[in-house]
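Below is one structure; the comments refer to it alone.
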There are 2 protein chains.
Amino acid sequence: MLTYHFKEESGFPLYIQLYRFIKQDIEDGTLKGDERLPSKRAFAKNLGVSTITVENAYDKLASEGYIYSKPKSGFFVESLKLRRTDLDGQGSAAANSGSKEIGNTGTKGDNSEYPDEDYEAAYETVKYDFTSNRNHEKLFPFSNWAKVMRKVLSEKSEEILIPSPAQGTKSLRTAIAKHLQEFRGMKVDPEMIIIGAGTEYLYSLLIQLFGRDKIYALEEPGYVKISKIYRANQVKVRYIPLDENGVDAKVFSGSDADILHISPSHHFPTGVSMPAGRRYEILRLAEEKESRFIIEDDYDSELRSDGLPMPTLFEMDTSGKVIYMNTFTKTLTSTIRISYMILPEKLMKRFKDELGFYSCTVSNFQQYTLAEFILNGYFESHINRLRRYYNKERELILGELKNYEGKLISGIRDEGAGLHFLIELRTELSDDELKKRALGKGIRISTLSDYYMQEKKNTGTLVMNYSSIGIDNNHDAVKELMGLLSED
Amino acid sequence: MLTYHFKEESGFPLYIQLYRFIKQDIEDGTLKGDERLPSKRAFAKNLGVSTITVENAYDKLASEGYIYSKPKSGFFVESLKLRRTDLDGQGSAAANSGSKEIGNTGTKGDNSEYPDEDYEAAYETVKYDFTSNRNHEKLFPFSNWAKVMRKVLSEKSEEILIPSPAQGTKSLRTAIAKHLQEFRGMKVDPEMIIIGAGTEYLYSLLIQLFGRDKIYALEEPGYVKISKIYRANQVKVRYIPLDENGVDAKVFSGSDADILHISPSHHFPTGVSMPAGRRYEILRLAEEKESRFIIEDDYDSELRSDGLPMPTLFEMDTSGKVIYMNTFTKTLTSTIRISYMILPEKLMKRFKDELGFYSCTVSNFQQYTLAEFILNGYFESHINRLRRYYNKERELILGELKNYEGKLISGIRDEGAGLHFLIELRTELSDDELKKRALGKGIRISTLSDYYMQEKKNTGTLVMNYSSIGIDNNHDAVKELMGLLSED
């Protein structure tokens, strides 16, 4: 069995020391991919420490993607290399059958701002698509998901026929609370959670909850779909510019907006993470007016890799002013349509009083399946795998891009996380010319200007959604992309 | 083994002859409830016919609800009486586990207008509930549904990960079109269908499509939840009274309303079916103004039993003024959350242009499962079975009520269909006193006044939602109900 020697004088807690020993062994190859780690109890006995120490170390390693757990079998070392055979088979078959049902804006990458005609015309010949930040279907944990589905079908046949409360089944809400506690360190009462068929649906519930006389403030630039949803619901919208610390607090303060809808942990698409100072400033502003609230969209927190992220606004809030929102469509598959939000107590009471007559929009079967999936540890191993996979992928594509830095690229804005980053180009071409030229070569790109809702000025900045390129294609894709700039 | 003698000269195919022989034996009691029929192969051999002949006869009998199949054990004679053992087991277990999650208006019968406190206080002691018109969970075709789910899981693993268009997967839309053609005689282009997570969600899409400056007209009395949804969306609402032919066309004509939301085939809760004359009148009124449209809510068409119902307004409409809407939550289970609407071409174009960015709110897995369920004929046999079951149940409870007609009951308004009917009482008690008295005895009732949105006047009329009473309890339930009237 593994044996390590702790140093009492190091000043670090035992579990941190243990975590570092194991991490070191994984990084230098002493512990190999898929190797089984000792059971917590046996390991603790062997090392002369408590099981809690081992548990904390394992948890930290797992949360950082170094190890993964299998229900009932323990912890294993994460394999650093991606198994290509898996990918090629599933991925490309899925992509082919996908083209059958395409031909409608609803099927596009969530953030795509291409007009339909261009998209459809170009679809057949697209070689590289840098516009989709969907998690690739090849990474969906199909066999575990199917296993849990079969289990729910045979063990929960009665429960799945009993109408769930408006806010969703207690079992899923409890599982989500457990996940948030373990993964994000958030303490959440399951009674404050509302489940819905996608964040898009939850936004519309919030508009009903706050009322359409309220004015909604969105980030500029930002996630265009959010703006579309507010506009489709015909409420008044204001756009608040960003600076390097996130949404501009002074502009918000001076505006007539009530509800501020932001993604402070990892802004899309700039990647900006709002520092603590700005967070407190925003919270204070919300407290100033009765009608002010903040919607905190934590859409990709599971995909971020930089250790334990900063506490959420929701946790920092002491005045019941923040609604936390997150989704499983980014981490699992956009085709399952399950998202959730957490309301402060007062708003939850209002929800029950005024909107409690609604039926929950997610089927019970899906709710029970996801609850089991989380409680059995499958969700955690899945997101660890995702993070490692995309970290590797990002590292490789950034390596390719480095060759062009200084010449065609003036800067890369990478926050070390998420499924995209920005590159600033040295080019005379307008954003539109660039996109047109790319499309001619079978490359779909999006520029930062696509994410501005008011004024579409030239940015010379590409939003690199790299998740659908594939590790083996990085070299050629980047070469062709850069080739666009040197052409005439 | 059963033996029948075929007549070649009869002119009828062998399978039809066999079907009639068996049907006759079931109807006159020669074959008893739950009796196992011979296996197809053995029976065919014994009768000297092909297995296809037996198969066709069995299929026809099953689709008409005379026999039913159990996976891997064959076909059995449908019992005309309800099997109490099944019910006590599944039904009450379900009710008990249900109570764990209750405590929220979302869990109540869809049409219930009880204040929460009364409901919770009374929950434990409710003996008879005449307020829920939900299809009972015991009637959900669980084994067939599970079979199809397993099939989809193993055969459609790629398709279910490919994002569906905003309006839903092509496979489900095609299956729905086929069902409407076969069951309702409607010719529908699958491209005009939009799938959504419940009609409640679809209403909110329609409000976005028409715009919130429009004025919406609802039936008075009517389905209270619809009114709640429009009010939660803060649009202007008008209430149009009913006469014996449905919604009053003159009042609608004189109002400032644009969108008329009605259930012309079977009004809830009065049961009124709108005759052709009134239908044409309504359609003409819609044509008069550009902004006018009709939402036709056909919520229980599958449960109506009186042969092929009248053509829908949607079919009679030649000017693109009618949106047809229906749901699977009434016929399957409210926990699956799948509904659909059919738009006229012009509105569908507007939907794609303005709202096509939305993701479909139903998961792909559920969409593929339901499509298979319909295409394999399971849905048709299920609704045939439901109809037979509820017809029997209604017949029995009406029989019990007949004993009180003239004395405590002045009239029964039964349209021979659906999951409810009305009884007009001879009583001095107000509707509220009646409900209070009933609750004291563990009986939940609703009166027609509960379905009025504006003025809650006394009606002395009970809305008898009989679906959750159970055949064996009819006698006692009716006796106790009538007992309320003679007490002091």
Checklist entry - So, do A:Ile160 and B:Phe140 sit near enough that their side-chain heavy atoms are less than 4.5 Å apart? => result no

Item to check | A:Gln234 side-chain N/O to B:Arg212 backbone N/O, donor-acceptor pair under 3.5 Å | outcome: yes

Checklist entry - Should we count NZ of A:Lys236 as having more than 12 external heavy atoms under 6.0 Å? => result no

Next on the checklist: Tell me whether B:Lys228 contacts the main-chain N or O of A:Phe357 through its side chain, where contact means a donor paired with an acceptor under 3.5 Å.
Outcome noted: no

Checklist outcome for this item: d(A:Arg150 CZ, B:Leu153 CG) to nearest 0.5 Å is 4.5 Å

Checklist outcome for this item: Heaviest contributor of heavy-atom pairs below 4.5 Å to chain A, chosen from B:Ala232, B:Ser204, B:Gly198, is B:Ala232

Checklist entry - Which answer fits B:Gln366, side chain, backbone, both or neither, if we ask what part of it has an atom under 4.5 Å from a heavy atom of chain A? => result side chain

Checklist entry - Based on non-hydrogen pairs under 4.5 Å, which of B:Leu332, B:Thr333, B:Val362, B:Asn233 is most in contact with chain A? => result B:Asn233

Item to check | From CA spacing to verdict: side-chain contact (heavy atoms from CB on, under 4.5 Å), B:Ser164, A:Arg337 | outcome: CA-CA 11 Å; B:Ser164 105; A:Arg337 312 313 306 157; over 6 Å; no

Checklist entry - Tell me, side chain or backbone of B:Ile229 under 4.5 Å from chain A's heavy atoms, or both, or neither? => result both

Checklist entry - Taking the six-membered ring for Trp, are B:Phe365 and A:Phe365 parallel (under 30°), tilted (30 to 60°) or perpendicular (over 60°)? => result parallel

Checklist entry - So, does A:Thr335 use its side chain to make a donor-acceptor pair with the main chain of B:Ser363 at under 3.5 Å? => result no

Checklist entry - Short question: side chain of A:Glu200, backbone of B:Ser359 - any donor-acceptor pair under 3.5 Å? => result yes

Item to check | Region of B:Thr361 that comes under 4.5 Å of a non-hydrogen atom in chain A | outcome: both

